[in-house]
Amino acid sequence: MRIIPLRGAGVVWFKCPACRLKCRPTAVGADGWCPRCGHSRMLKLSFGGRAVASASDGDRS
């Protein structure tokens, strides 16, 4: 069984610009079309990623 993360670093969602459906990559068909309205181009949304430390964080005493 594959466990799909719902949030956190590296989570990817697709959003349809026509009907605003948000879905996981597994819900999008092999052709990349929206499963609800059939729009041909889904936008890729990624949440999380690498945290960027500021330069002043290391200088605190």
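Bear in mind the structure is a predicted one, so any value in this text is a computation, not a measurement.
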Minimal heavy-atom distance between A18 and C37, with the atoms involved, is CB-SG, 4.1 Å
One pair to check against side-chain contact (heavy atoms from CB on, under 4.5 Å): F14 and R24. What are the steps and the verdict?
CA-CA 6 Å; F14 284 103; R24 299 290 301 188; over 6 Å; no
Between V28 and C34, is the side-chain contact (heavy atoms from CB on, under 4.5 Å) condition met? List the steps.
CA-CA 6 Å; V28 177; C34 175; over 6 Å; no
Nearest 0.5 Å please: distance from the CG atom of L21 over to the CH2 atom of W13.
9.5 Å
Testing R36, R41, M42 one by one against H39 for a side-chain contact (heavy atoms from CB on, under 4.5 Å), which residue passes?
R41
